[in-house]
Number of protein chains: 4
Amino acid sequence: MPGRTRRPESASRQGNSGNPAHEPERTQARQSILDAAQVLFALQGFDATSTKSVAQEAGVPAGLVFYYFTSKQKLLEDLVRERSFLPELEQILRSAPEADPKQALLDLGRRFFAVVTRREAIARILVRESASHPQVAARWHEMRESAIAVIAEYLDGTVARGCLRAVKTERLARVFLYNLIFVALIDEAQDPEAFLADMVSALLEGALPR
Amino acid sequence: MPGRTRRPESASRQGNSGNPAHEPERTQARQSILDAAQVLFALQGFDATSTKSVAQEAGVPAGLVFYYFTSKQKLLEDLVRERSFLPELEQILRSAPEADPKQALLDLGRRFFAVVTRREAIARILVRESASHPQVAARWHEMRESAIAVIAEYLDGTVARGCLRAVKTERLARVFLYNLIFVALIDEAQDPEAFLADMVSALLEGALPR
Amino acid sequence: MPGRTRRPESASRQGNSGNPAHEPERTQARQSILDAAQVLFALQGFDATSTKSVAQEAGVPAGLVFYYFTSKQKLLEDLVRERSFLPELEQILRSAPEADPKQALLDLGRRFFAVVTRREAIARILVRESASHPQVAARWHEMRESAIAVIAEYLDGTVARGCLRAVKTERLARVFLYNLIFVALIDEAQDPEAFLADMVSALLEGALPR
Amino acid sequence: MPGRTRRPESASRQGNSGNPAHEPERTQARQSILDAAQVLFALQGFDATSTKSVAQEAGVPAGLVFYYFTSKQKLLEDLVRERSFLPELEQILRSAPEADPKQALLDLGRRFFAVVTRREAIARILVRESASHPQVAARWHEMRESAIAVIAEYLDGTVARGCLRAVKTERLARVFLYNLIFVALIDEAQDPEAFLADMVSALLEGALPR
DNA sequence: TATGAATGAGCTTTCATTCAT
DNA sequence: AATGAATGAAAGCTCATTCAT
């Protein structure tokens, strides 16, 4: 299981090249540790993952974990800080088409699923460790609220254009996102696409007879 | 903090009388251990709670935990099995009034919040430990699906009476419940009552212009 | 080096028999750990002695050290508390003969050397670890002051009987004890008996011409 | 707290000019390390002080400690060798006035206290680490014996001048010094000046009735 | 000459679990 | 049926030391 060659999504995500290589964030070994921690914390949980197993999975000596991160706790915090997918999420939600609301919401939902799928490990860590780690909870909260703000902003525009009634857009965005999160990370039995379609219909059309 | 006399909600919940009193399930000490585990697992998480601290909080000798539950793992499983609030939840959701849909959904939501608040510890354990413990995940899943079934059943009646359009009631119930769970157990910053009102409006009236 | 059978000075020192054997202080294993700690701390110092080596030298499993003493620090504190030789020292200093002052002081000195030699390990620990451990420093201080008080008390009697000039007896006792301690525990190159004789002469007769 | 610019008493103490400036002993960084080690070893003890913290306190890169001293052990040995205050002590004890014995001893005592106070850190290291480090013990022993020799030499002169009885001057000097050391470095509760006065009186006048 | 990243052995401590009584 | 003393594996973390540059 410990693989020396696999490194999922770290190197590619860094776009800022050109700075001196001795910036700690750029060390190969450090990234390997973050990669390993990401996988193992998501899979087994923070408490059930030993720092030794992280080092092993990363293919580095055990002492290096503490050399780079000081403590296991800080490893987690640095992980959720540096591997946050909030920028990615905001960017992808912002580029929503100005199409009709239904298509737009479906599109937003699919983009959300895409990001969460790509960054599933870190997303699961956020959900799971929030209960024990205030710092993680803060990130998790920030991420939700930011996403809701972006979605609400889009809805505001739609309302302004007369395509939507003057509903409480923040609340609508919240309900929308809660359901996306639930399906993506908590209730895994649901088919995301089908659920998304039905949810969007429900939210747009309402259940009351017209 | 460890109290010898406090035993919140255990004894009263057992309705099965008639069986021999020396059945282990009915032992006072056993119940104390479950009570303590419930509180500590919810507060600190399963991994971060030692069996010793459970025994201490329960006011029983340390060996008794393993006498009654064989292993820490089994203590958790027995806990979520015996302290399930599914019956309570089903009963309270079933007694929904036949009033108009809006009032009914608001009522259902409030009842749900009431049950979850009363059984908060066990609810948090279900959410938190699902990721690591398939047995817990199964209970957690069963609980959601059962509640959704009850709510959908009610909605079916409403549709039959012509008070609601012929929507996919199971999906509507699911969206409804997901949001309740999210607000009750995950996003604690939200005011449940206000959120509930807006969510119900959204689901019933739809966002599209009429 | 680890000996299973050697247990220097513990069992013999306990005179209070008759109490239930499950008093922790009386456990054989616990005493073995204290014995081992006493030897190793004296020999290598507290910091340089691992709890594992203490357990090994005591012939008990490593976990037992923490079962009985909670922490390495507490092991040291319990050690200097339970193995204090203050009572022994006070008793032996009190039984000073009423003979002439010179013989009495020589006698006191020899008794002191005898006690310190018999309890050398713990005495060295007191001296050595005082710098880092306030609790040990407190014991060490208490021991000195108590011994000084006993000696001064004797000198007071001698002064009252006219055998000594009305000197500051507490100071004289202090000077006397400081030298004894120095020779017994710090400057090991000195021959105690010869040093004692000369010191007593000096203190009694004075260096000034008469 | 770690100061880059503070360097208490090192540079000034080196009187040996004329040798090539690139002798390691004269490096600024090397002296900073010795300064830091002196402070930290005295404060926390050798074992409890990490080489990293020494480098940090000295404001030099961690690797430099081993570059200059090879090992932590050797750092200690070089420290007590190079920072010995024996020359200082001998010089100051030698310049004793030829006044009457009482004044002379009081003066010697005060000078001793002055030197030890000024070089307190190194003095504490000598006392504390002697038990574990033979090399340190040797220095500590040498220092005592040298001081005793100087004092005894003075006393010999006094005896020759008829100001003192023909006592064993080496022994008298030893008792005198032991007490000074004890008060200066071990029993910190004592007021040095008052203790000194009483001790000198005791040693000169004797306790026996005249 | 000087540096700081890297290493791994070893430390203290915790804890689920066992078992004699 | 019930207990708590006992165990040892494993955890997080520290640190003297090395070495490529």
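Naming convention: chains lettered A, B, ... in sequence-line order (proteins, then strands); numbering from 1 in each chain.
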ask   = Judged by modelled atom types alone, do D:H133 and D:Q73 share a side-chain donor-acceptor pair under 3.5 Å?
value =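 Yes.
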query = Using a distance-only test with no angle check, is there a side-chain donor-acceptor pair under 3.5 angstrom linking C:S53 and C:E57?
reply =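 Looking only at side-chain atoms, C:E57 and C:S53 do not form any donor-acceptor pair under 3.5 Å.
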Measure [atom1]/[X] against [atom2]/[N] and give the value in whole Å, please.
| X | N | atom1 | atom2 | answer |
| --- | --- | --- | --- | --- |
| C:Y68 | E:dT14 | OH | C1' | 18 Å |
| A:Q44 | F:dA10 | CD | P | 15 Å |
| C:Q56 | F:dG8 | CD | P | 13 Å |
| D:F69 | E:dT1 | CZ | P | 15 Å |
| B:I33 | E:dT17 | CD1 | P | 14 Å |
| C:Q28 | F:dA6 | CD | P | 11 Å |
| B:K74 | E:dA16 | NZ | P | 17 Å |
| A:D47 | E:dC15 | CG | P | 11 Å |

key: Backbone of D:F46 reached by a side-chain donor or acceptor of D:E129 within 3.5 Å   =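 Side chain of D:E129 to backbone of D:F46, a donor-acceptor pair under 3.5 Å: yes, one is there.
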Nearest to the side chain of [X], which nucleotide is it out of [options]?
| X | options | value |
| --- | --- | --- |
| A:Y67 | E:dT13, F:dT7, E:dG4 | E:dG4 |
| B:P61 | F:dG8, F:dT3, E:dC11 | F:dT3 |
| A:L64 | E:dC11, E:dA16, E:dT7 | E:dT7 |
| B:F66 | E:dA16, F:dA5, E:dT7 | E:dA16 |
| C:K52 | E:dA16, F:dT18, F:dA10 | F:dA10 |
| B:K72 | F:dT3, E:dA16, E:dA5 | E:dA16 |

query = Nearest nucleotide by nearest heavy atom, which residue falls closer to the 5' end of DNA chain F, D:Q73 or A:Q73?
reply =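 Whichever sits nearer the 5' end wins; that is A:Q73.
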note = Of A:T51 and C:V60, the one whose closest nucleotide on DNA chain F sits nearer the 5' end is C:V60
To the nearest 0.5 Å, tell me how far [X] [atom1] sits from [Y] [atom2].
| X | Y | atom1 | atom2 | value |
| --- | --- | --- | --- | --- |
| C:T49 | C:L43 | OG1 | CG | 8.0 Å |
| C:F69 | C:L64 | CZ | CG | 9.0 Å |
| A:Q38 | A:I33 | CD | CD1 | 13.5 Å |

ask   = A:G63 or B:A62: which one's nearest nucleotide on DNA chain E is closer to the 5' end?
value =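 Nearer the 5' end of the strand: A:G63.
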query = Contact class for B:T70 vs. all strands (heavy atom < 4.0 Å): base, sugar-phosphate, or nothing?
reply = nothing
request  = Quick one: label B:S53 by what it contacts on the DNA or RNA (base, sugar-phosphate, nothing), any heavy atom closer than 4.0 Å.
outcome  = nothing
note = To the nearest 10 degrees, the angle between the two end axes of the helix from E:dA2-F:dT21 to E:dT21-F:dA2 (five pairs per end) comes to 10°
request  = Report the C-alpha separation of B:V54 and B:F41 in whole Å, then their side-chain angles, then the decisive distance to 0.1 Å, and conclude whether the side chain to side chain contact (heavy atoms under 4.5 Å, CB included) test is met.
outcome  = CA-CA 9 Å; B:V54 170; B:F41 289 172; 4.3 Å; yes
key: Note: C:R83-C:D35 ion pair, threshold 4.0 Å (strictly below)   =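 Answer for the salt bridge query: yes.
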